[in-house]
Amino acid sequence: KSVASMLNTTPTVLPGAKVIGAAQTRELMAQGVPVYDVRVGEEYAQAHVPGAISVPYKEGSAKEVGFDAADDQFALNRLPKDKNAPFIMYCDGTICWKSYKSAVMAIQAGWKNVYWFRGGFPEWKEAGMPVIARKE
């Protein structure tokens, strides 16, 4: 992977999904909308949004809009069975492509109410929202 792709931030729009921020994420969660943390398991174990479900996205593809999903692994079967049910995806902010890619895969697989929390965990923490963190 080149340094250039590491500096490549995610797009600000995602066709088929609603891009939301920390406040909207909190509101939706209060209404019972599930939230998926798609970072690697160790990152989730260290700290995560309260109530988030860990479904790690295994990334092998390029960090770009035209990524090849065949190079990645994501357990779509862990998402809501009802493809009309809303849910939220997040990862490690605008430089992390895992939530973008997992949302794209979900949309392509037929889910209709995908919320993409683009700012992810860094934005959540910066907003002063509660965090579940492992005690060191």
Side-chain angles (χ1 to χ4, degrees):
K1 305 270 186 228
S2 69
V3 173
S5 73
M6 296 303 287
L7 302 174
N8 194 11
T9 58
T10 53
T12 54
V13 295
L14 173 47
K18 297 171 194 78
V19 183
I20 60 172
Q24 286 173 289
T25 298
R26 184 182 61 198
E27 289 167 19
L28 288 164
M29 289 176 69
Q31 296 167 23
V33 175
V35 61
Y36 293 91
D37 183 325
V38 298
R39 301 174 301 156
V40 298
E42 180 55 28
E43 290 172 309
Y44 176 87
Q46 285 176 359
H48 58 269
V49 171
I53 303 158
S54 177
V55 183
Y57 188 94
K58 293 178 183 64
E59 189 175 36
S61 64
K63 294 178 188 327
E64 58 192 28
V65 173
F67 75 101
D68 185 354
D71 293 337
D72 300 342
Q73 290 180 317
F74 183 65
L76 288 167
N77 63 338
R78 303 264 320 267
L79 299 180
K81 298 287 176 250
D82 177 358
K83 292 200 174 178
N84 291 311
F87 62 89
I88 303 162
M89 301 277 203
Y90 80 88
C91 59
D92 223 1
T94 58
I95 56 158
C96 177
W97 282 73
K98 292 180 177 86
S99 60
Y100 174 85
K101 292 176 177 183
S102 59
V104 166
M105 288 176 78
I107 292 161
Q108 289 174 345
W111 275 272
K112 304 284 184 240
N113 283 300
V114 179
Y115 289 91
W116 177 37
F117 179 17
R118 181 175 181 260
F121 197 59
E123 182 184 326
W124 183 264
K125 288 188 299 190
E126 285 166 21
M129 303 289 190
V131 169
I132 301 293
R134 180 167 60 200
K135 304 285 186 273
E136 295 300 332

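- Between F121 and R39 there is a side-chain heavy-atom pair separated by less than 4.5 Å.
- Applying the salt bridge (charged side-chain N to carboxylate O under 4.0 Å, His left out) test to every pair with at least one member in residues 22-33, sequence neighbours left out, gives no pairs at all.
- L79 has its side chain within reach of F74: a pair of non-hydrogen atoms, C-beta onward, lies under 4.5 Å apart.
- No donor-acceptor distance shorter than 3.5 angstrom exists from the side chain of K101 to the backbone of Y57, with no hydrogens or angles considered.
- Linking ILVMFWY residues whenever their side-chain heavy atoms come closer than 4.5 Å, directly or via other members, places M89 and I107 in the same cluster.
- A side chain to side chain donor-acceptor pair (under 3.5 Å) check over residues 78-95, counting only residues at least two apart or in different chains, returns the pairs D37-Y90.
- Checking side-chain atoms of W97 against main-chain N and O of N8 turns up a donor-acceptor pair under 3.5 Å.
- The shortest distance between side-chain heavy atoms of M129 and T25 does not fall below 4.5 Å.
- Listed for the E123 side chain is a donor-acceptor partner under 3.5 Å among the backbone atoms of A22.
- Considering only residues two or more places apart in sequence or on other chains, Y100 meets the side-chain hydrogen bond (donor to acceptor under 3.5 Å, both in side chains) condition with none of them.
- Annotation: side chain of P86 is not in contact with side chain of L28 (no heavy-atom distance under 4.5 Å).
- The side chain to side chain contact (heavy atoms under 4.5 Å, CB included) with R118 is formed by just one residue from the set I20, T9, L14, V13; it is T9.
- Using a distance-only test at 3.5 Å, with no hydrogens or angles considered, a donor-acceptor pair links the side chain of W124 to the main chain of P130.
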